[in-house]
Amino acid sequence: MTSPLRRPLLVGNWKMNLTMVQSIELGKLVAGGAGAASGEVAVCVPFTAIAVVREVLRGTNVRLGAQNCHWEVSGAYTGEISVDQLRDAGCQMVIIGHSERRKLFGETDESVNRKLGAALKGGLTPIVCVGETLEEREAQKTWRVLETQIEGGLKGFAPADLSKVVIAYEPVWAIGTGKTASPAQAQEAHLFIRSQLKKIHGESFSAGTRILYGGSVTAENVDSLMDSADVDGALVGGASLKKDFLRIMGFQTAR
Ligand code: 13P
C-alpha cells in the first residue's frame, strides 16, 4: 500500500511566462478548481508574479512556489534570489535543478545540492528535478545518470532533514516535446529512483518520498500516468498555463 505520506501532488511550473495580470487570472482559475482536486496543488510562478499570486491564493489550499533559488541567504549575488526572500514573498516551495537550468544555465549536481541545503534550512519544500536526455537514454545511460543526479543532489543530508523533499523525474526528451514517457517507462524510472532513495537512506525514507513525473503531461494522459504505483504526482509545464490544468488537478485513477 502506498504510504500516506505520499499524498498526490500536482504542480504547475509556469516557467518564464505570463504578465502579472495574466498570472492573477490563472491563479484565480487554479484556486477555483482546488476544491475538486484529487491531491495537493501548487503553482511555481515567475518571481515577478509571486506577490500578486500570493494574494489570489490566500485562504485556499493551493501552495505557492518559485522555480529557482540561490544557496546564500543574502549578499553580492546580482540577479539571484535567496530562499529567505522567496519565503518572505510568500513561497512555500521551490523547484531545484530543473533540466532547463542544468542545460542552459550551468546548474550542476553540486549547485543542486547547495540549493537543496538552503531550501531545507529556510523551510521551503524543495522539488529536486532529475532526468536523462534522449542521447543518454539511447546510449543506455539512464540509470547511471539518475543514480549520479540523486546521489550528488541529496548528498550530505540526514533522512530527517530530507523528510519534505520531493523528487521530480523529468526525462529531458519528454519536456515540451509532446512526447510523454509511457506509464510503463515512468513507472520503471520511478521505481529505480525509489531504489536509489532506499540505497541512500533506507526503506522508510524511500517509501515515504514523493516522486513526481514531468514531461508533456496533459489532461489526456494524466490518468494513466497516475495509475502507476510509484508515480505520486505531476510537474506540469505547458498544460499548466491552460484550463487543462484543472482536469490534471482532478485526475482519476483505478488504484
Ligand atoms: P511540459 O509539461 O511543457 O513538457 O514541461 C514539463 C516541465 O518541464 C515541468 O517542469
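Both ligands and their constituent atoms are indexed starting at 1 by order of listing.
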Proximal atoms of ligand 1 relative to Gly237 (non-hydrogen, under 4.0 Å): 1 (P), 2 (O), 3 (O), 5 (O), 6 (C), 9 (C)
Ligand 1 versus Leu235: contacting region, heavy-atom distance under 4.0 Å: both
Pair Asp230-Gln187, side-chain hydrogen bond (donor to acceptor under 3.5 Å, both in side chains): steps then yes or no: CA-CA 6 Å; Asp230 287 282; Gln187 170 59 21; 2.8 Å; yes
Transitive ILVMFWY side-chain link Phe47 to Ile95, under 4.5 Å: no
Any pair counted as ring-ring contact (aromatic ring centres under 6.0 Å, His included), so long as it reaches residues 122-144, sequence neighbours left out: Trp143-Phe192
Short N or O distance, His98 and ligand 1, threshold 3.5 Å exclusive: yes
Close side-chain approach of Ser228 and Tyr213, heavy atoms under 4.5 Å: no
Nearest neighbour of atom 10 (O) of ligand 1 from the list Lys15, Glu170, Glu100, on a heavy-atom basis: Glu170
Atoms in ligand 1 flagged as close to Asn13, the criterion being non-hydrogen separation under 4.0 Å: 9 (C), 10 (O)
Atoms of ligand 1 close to Gly215 [distance to a heavy atom under 4.0 angstrom, numbered from 1]: 4 (O), 6 (C)
side-chain hydrogen bond (donor to acceptor under 3.5 Å, both in side chains) between His98 and Gln67, intermediate numbers included: CA-CA 8 Å; His98 191 281; Gln67 303 166 18; over 6 Å; no
Nearest neighbour in protein (non-hydrogen) for atom 3 (O) of ligand 1: Gly238 N, 2.8 Å
Structural part of Ala174 in contact with ligand 1, heavy atom criterion under 4.0 angstrom: backbone
Positive for salt bridge (charged side-chain N to carboxylate O under 4.0 Å, His left out) with Asp232, one of Arg7, Arg210, Arg6: Arg6
Any Gly176 heavy atom less than 4.0 Å from ligand 1: yes
Main-chain N/O of Ser111 paired to Thr108 side chain as donor or acceptor, under 3.5 Å: yes
